[in-house]
Amino acid sequence: MIKLGLIGCGAIGTILAKAIEERLQEKFVLKVIFDISFEKARALKERLHSSPIIAPDFSAFLVQSLDIAIEAASQEAVKEYGEKILSREKDLMIMSIGALLEDNLFERLKTIAQKKHRRIYLPSGAVVGIDGIKAAALAGLDEVVLTTRKPPAGLKGAPYIEEREIDLENITKAQMIYKGPAEEAVKYFPANVNVAAVLSLAGIGKKKTKVKIIADPNIHTNQHEIKVKGKFGQMICLTKNLPCPDSPRTSYLAALSAIKTLENISAEVVIGT
Ligand SMILES: NC(=O)C1=CN([C@@H]2O[C@H](COP(=O)(O)OP(=O)(O)OC[C@H]3O[C@@H](n4cnc5c(N)ncnc54)[C@H](O)[C@@H]3O)[C@@H](O)[C@H]2O)C=CC1
Ligand SMILES: O=C([O-])CC(=O)C(=O)O
């Protein structure tokens, strides 16, 4: 059995935990869950048939014997716990991938993973096209542009919106509110464009990957359009994401992508690049 620990018992964590016991139970077991909100962890445990331990703090999580620790919490969680998890010889799956574009965190994590013979898993998340971009990048890419279009309320709380006091409630037609490199976009919108980070890492990096964010009051899906040009030709991928059943802000596909990543880890056959 592959032993799992989960950090973050919100929208993605809940869907993943349920899938582990309902779909992946032959190969995986969820041993421990942790959330800075103990209430969130307790509420998740009540929804499960299995009985994972609730870690009261990160130290209690870290001492558990685990094969893979799954982060579905926040960029802060990746920055605070990532190196410790790998150093304690656990593999690490990351959903808040935006954290990896800061300073040299990704390089540091990779160095520890190499030293400790561990793996880091970065699911595609709420976008399609990462498979093709990884392959296409081998021949060289010239341009990668992500255009994210969300209902205005989905951008609430983002540092960029708060610092500039952008009044989301009074946006009556689609409006581009941000344009810049992925490296900057993930800091200004930490809970909105983690997809820009996975795209950067798969493609031409955090400085060259361009990000546009549009607040659109006329849509009810989280939309991500990726345009890529390179030696392979051109690619245009559009995802129109419905939200998770219990969380209007999180795209359901992101949680499904985490489940599929686990399935791939234990699979005899892996489809796609
Ligand atoms: N890669 C992708 O495509 C996507 C990534 N995400 C990211 O995945 C993460 C999880 O997303 P959701 O489940 O929608 O969020 P959520 O807000 O529903 O749940 C996050 C949970 O993590 C907990 N948490 C936050 N910081 C923590 C810390 N330092 N230590 C322990 N627990 C902590 C919170 O209390 C909360 O219960 C977020 O960072 C989100 O931005 C979300 C959607 C798509
Ligand atoms: O759920 C989405 O559509 C994407 C998202 O929030 C992220 O990448 O952080």
Side-chain angles (χ1 to χ4, degrees), residues 5-18 32-45 54-62 69-82 84-85 93-101 121-130 146-151 153-159 182 185-202 211 213-214 216 219-226 238-261:
L6 173 67
I7 302 175
C9 301
I12 293 176
T14 299
I15 293 174
L16 193 52
K18 291 179 82 171
V32 55
I33 58 176
F34 166 55
D35 196 298
I36 33 166
S37 157
F38 191 80
E39 260 324 298
K40 290 293 271 293
R42 193 160 59 189
L44 173 57
K45 186 167 177 172
I54 300 180
D57 52 38
F58 179 66
S59 308
F61 178 91
L62 199 59
I70 303 167
E71 176 281 324
S74 59
Q75 290 193 16
E76 286 66 38
V78 179
K79 291 173 198 167
E80 203 181 329
Y81 316 139
K84 292 177 186 151
I85 288 168
M93 184 194 291
I94 299 174
M95 292 308 294
S96 308
I97 302 175
L100 301 181
L101 301 196
Y121 300 101
L122 307 178
S124 301
V127 285
V128 294
I130 298 300
L146 168 72
T147 305
T148 289
R149 194 178 279 265
K150 291 199 171 193
L155 299 169
K156 215 169 144 193
V186 298
K187 287 183 193 154
Y188 280 142
F189 298 90
N192 296 111
V193 288
N194 285 290
V195 290
V198 76
L199 180 61
S200 302
L201 298 173
V211 179
I213 299 180
I214 296 169
D216 187 344
I219 58 167
H220 301 285
T221 51
N222 291 327
Q223 302 185 8
H224 303 288
E225 185 200 63
I226 296 172
L238 174 62
T239 320
K240 293 187 177 184
N241 285 300
L242 290 172
C244 290
D246 296 335
S247 167
R249 286 164 63 102
T250 306
S251 297
Y252 189 30
L253 184 64
L256 296 173
S257 153
I259 299 169
K260 195 67 204 171
T261 299

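Counting convention: from 1, in listed order, for ligands and their atoms alike. Quick caveat: nothing in here was measured; it's all calculated off a predicted structure. Position 1 is the first residue of the sequence, and the numbers go up from there.
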Would you call [X] and [Y] a side-chain contact if the rule is heavy atoms closer than 4.5 Å?
X	Y	answer
Pro123	Lys260	no
Leu146	His224	yes
Pro190	Pro159	yes
Thr239	Leu253	yes

For ligand 2, list the protein residues that place a heavy atom within a distance below 4.0 Å of one of its atoms, sorted by chain and number.
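Residue list for ligand 2: Ala126, Lys150, Ala191, Asn192, Val193, Asn194, Val195, Asn222, His224, Ser251.
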Backbone of Lys156 reached by a side-chain donor or acceptor of Arg249 within 3.5 Å
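Confirmed, Arg249 side chain pairs with Lys156 backbone.
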Asn241 side chain vs Asn222 backbone, donor-acceptor pair below 3.5 Å:
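It does hold such a pair.
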Where is the tightest heavy-atom contact between [X] and [Y], given as atom of each residue plus distance?
X	Y	result
Phe189	Ala158	CD2-CB, 3.5 Å
Gly13	Leu44	O-CD2, 4.4 Å
Ala196	Val211	CB-CG2, 3.8 Å

Ligand-protein N/O pairs under 3.5 Å (ligand 1):
from     : atom 1 : to     : atom 2 : distance (Å)
ligand 1 : 1 (N)  : Met95  : O      : 3.1
ligand 1 : 3 (O)  : Ala126 : N      : 2.9
ligand 1 : 13 (O) : Ala11  : N      : 3.2
ligand 1 : 13 (O) : Ile12  : N      : 2.8
ligand 1 : 14 (O) : Thr250 : OG1    : 2.4
ligand 1 : 18 (O) : Ala11  : N      : 2.9
ligand 1 : 26 (N) : Ser74  : OG     : 2.9
ligand 1 : 29 (N) : Tyr81  : OH     : 3.2
ligand 1 : 30 (N) : Tyr81  : OH     : 2.7
ligand 1 : 32 (N) : Ile36  : N      : 3.1
ligand 1 : 35 (O) : Asp35  : OD1    : 2.6
ligand 1 : 37 (O) : Asp35  : OD1    : 3.4
ligand 1 : 37 (O) : Asp35  : OD2    : 2.6
ligand 1 : 37 (O) : Lys40  : NZ     : 3.1
ligand 1 : 39 (O) : Ala73  : O      : 3.4
ligand 1 : 39 (O) : Ser96  : OG     : 2.6
ligand 1 : 41 (O) : Asn194 : ND2    : 3.0

